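Atoms within each ligand, like the ligands themselves, are counted from 1 in listed order. Only heavy atoms go into these numbers, but all of them, side chains included; no hydrogens, no water, no symmetry mates. Quick caveat: nothing in here was measured; it's all calculated off a predicted structure.
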Amino acid sequence: MILTNIGTVKDILSRHGFSFSKGLGQNFIINPDICPKIAENGNAQPGYGIIEIGTGIGVLTAELAKRADKVCAVEIDSRLLPILEETLADFDNIKIFNEDVMKCDLRRLIQEEFQGLRAAVCANLPYYITSPVIMLLLESRLPVDSITVMVQKEAAQRLCARVGSRESGAITVAVNYYGTVRQVFGVSRGSFMPAPNVDSAVIRIDPNPEPRLDEESEKFFFKVVKSGFSQRRKTAANALSSLAGIPKENVYVALEELGLPQSARLEQLDLEQLIEFSMKLKNSIT
Ligand code: SAM
């Protein structure tokens, strides 16, 4: 069954009385070039178990299952289950979990389902939870080699921005702290059914094998980053004193040690500077 053929897709959906849920971010891929490319760029290959988030009617799921040893897909919408039974009937290496990915124990899933395999995540993410899903995957230090996901173009630009540039945000810092990120390819809005109002892009994050900081330092680092980026236009000293209760004097000293002016804003610091700055600050108040 060709799941990128519009006639085929419309036929399946109407036979099952399925209507798209905007709230669940249901824009299904109908451009035949996209899913093979996501799979090939996302470690879908022998020796791998792939976690997919959000199956839709299984167009990407099938391409992943053709290449990897096993696919475990988490899909929240139970209306899609009878459709998937039909569209993925030819595969015996796919397991669907009818769950909300935000509540799913993915670490346990990997342990139980991917024994002897390496793991990776591939998905065309529901856009309303792009950042929470990416943060969940990174913060939980999921043992995966790569996270290859389609996101809205604007989100891709933010995620792939240089830390310290105007385009970067707290999530840019987080992604670069946890691993390396790059844009793999762009995708036009016409590649989906229904077509969204914006273009998309596929990005790939390769998590670092080891944490850069110990748990306590990491917690402090993110407290600093979140305070600094939630009030981006304030100086580091003003943002950290008002939101994190850190005395301005300590901020000035840490900035000075890095050769930065008292008026510096956190969004201007690159990742290494941010890490060094927050460690100096932490040491000065503990
Ligand atoms: N992979 C399919 C494709 O590319 O055509 C569908 C992608 S569509 C953008 C996002 C999918 O994620 C939908 O099937 C939607 O029902 C599902 N979804 C939305 N929220 C979810 C959640 N919290 N947990 C799991 N799946 C979710």
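- Residue contact check: V59 has heavy atoms under 4.0 Å from atoms 3 (C), 5 (O) of ligand 1.
- Annotation: L125 places no N or O atom under 3.5 Å from an N or O atom of ligand 1; distance criterion only.
- Those atoms of ligand 1 with a heavy atom of F28 less than 4.0 angstrom away are 5 (O), 6 (C), 14 (O).
- Among all non-hydrogen protein atoms, the one lying nearest atom 19 (C) of ligand 1 is L24 O, 3.2 Å.
- No N or O atom of I53 sits closer than 3.5 Å to an N or O atom of ligand 1.
- In I129, the part holding a heavy atom less than 4.0 Å from any atom of ligand 1 is the side chain.
- Between the side chains of Q26 and D77, at least one donor N or O sits under 3.5 Å from an acceptor N or O.
- Looking at atom 16 (O) of ligand 1, its nearest protein heavy atom turns out to be E75 OE2, 2.6 Å.
- Put simply, L24 and L136 are part of the same group of oily side chains (I, L, V, M, F, W, Y) that touch within less than 4.5 Å, one to the next.
- Using modelled atom types, one finds a donor on one side chain and an acceptor on the other under 3.5 Å when comparing S146 with N43.
- Among protein heavy atoms, the minimum distance from atom 4 (O) of ligand 1 is reached at N124 ND2, 2.9 Å.
- Here E52 has side-chain heavy atoms under 4.0 Å from ligand 1, and that is the only part of it that gets that close.
- Short contacts between ligand 1 and V74, defined as distances under 4.0 Å to a heavy atom of the residue, involve ligand atoms 25 (C), 26 (N).
- For M102, the heavy-atom gap to ligand 1 stays at 4.0 angstrom or more.
- Interface of E99 with ligand 1, defined as ligand atoms under 4.0 Å from a residue heavy atom, comprises 24 (N), 25 (C).
- Contact record, R15 with E86: NH2-OE2, 2.6 Å, taken as the closest heavy-atom pair.
- Salt-bridge check for R233 with E267: failed, with every basic side-chain N at 4.0 Å or more from each acidic carboxylate O.
- Only the side chain of Y128 comes within 4.0 Å of ligand 1, counting heavy atoms alone; its backbone N, CA, C and O stay farther away.
- Of the polar atoms of G54, at least one N or O is found under 3.5 Å from an N or O of ligand 1, judged by distance alone.
- Residues L80 and I53 are members of separate hydrophobic clusters, defined by side-chain heavy-atom contacts under 4.5 angstrom among Ile, Leu, Val, Met, Phe, Trp and Tyr.
- Closest protein heavy atom to atom 8 (S) of ligand 1: G25 O, 3.4 Å.
- Other residues, nucleotides and ligands contribute at most 12 non-hydrogen atoms within 6.0 Å of the CZ atom of R118.
- Ligand 1 has no N or O atom lying under 3.5 Å from any N or O atom of D77, backbone or side chain.
- A cation-pi geometry, defined here as NZ or CZ lying under 6.0 Å from the six-membered ring centre and within 45° of its normal, does not hold between K70 and F114.
- A salt bridge does not link E167 with R158: none of the charged nitrogens is closer than 4.0 Å to a carboxylate oxygen.
- Atom 2 (C) of ligand 1 has its closest protein heavy atom at T55 O, 3.2 Å.
- Of all protein heavy atoms, the one lying nearest to atom 23 (N) of ligand 1 is D100 OD1, 2.9 Å.
- Counting only N and O atoms by type, the side chains of Y177 and E218 include a donor and acceptor under 3.5 Å apart.
- Residue contacts with ligand 1 include L80, since one or more of its heavy atoms lies under 4.0 Å from the ligand.
- Residue G56 has at least one heavy-atom neighbour below 4.0 Å for each of these atoms of ligand 1: 2 (C), 6 (C), 14 (O).
- Checking side-chain atoms of R79 against main-chain N and O of F18 turns up no donor-acceptor pair under 3.5 Å.
- With no hydrogens or angles considered, no side-chain donor-acceptor pair links D11 and T8 at under 3.5 Å.
- The protein atom (non-hydrogen) at minimum distance from atom 26 (N) of ligand 1 is I76 N, 3.3 Å.
- Using modelled atom types, one finds no donor on one side chain facing an acceptor on the other under 3.5 Å when comparing S200 with Q152.
- Close contacts of ligand 1 with Q26, meaning ligand atoms under 4.0 Å from a residue heavy atom, involve 13 (C), 15 (C), 16 (O).
- Residue I57 does not touch ligand 1, judged by heavy-atom distances below 4.0 Å.
- Of all heavy-atom pairs between R67 and A39, the closest is CD-CB, 3.8 Å.
- The pair D105-R107 does not count as a salt bridge, with every side-chain nitrogen at least 4.0 angstrom from each carboxylate oxygen.
- For the pair N27 and ligand 1, the shortest N or O to N or O distance does not fall below 3.5 Å.
- What sits closest to atom 24 (N) of ligand 1 on the protein, heavy atoms only, is V101 N, 3.0 Å.
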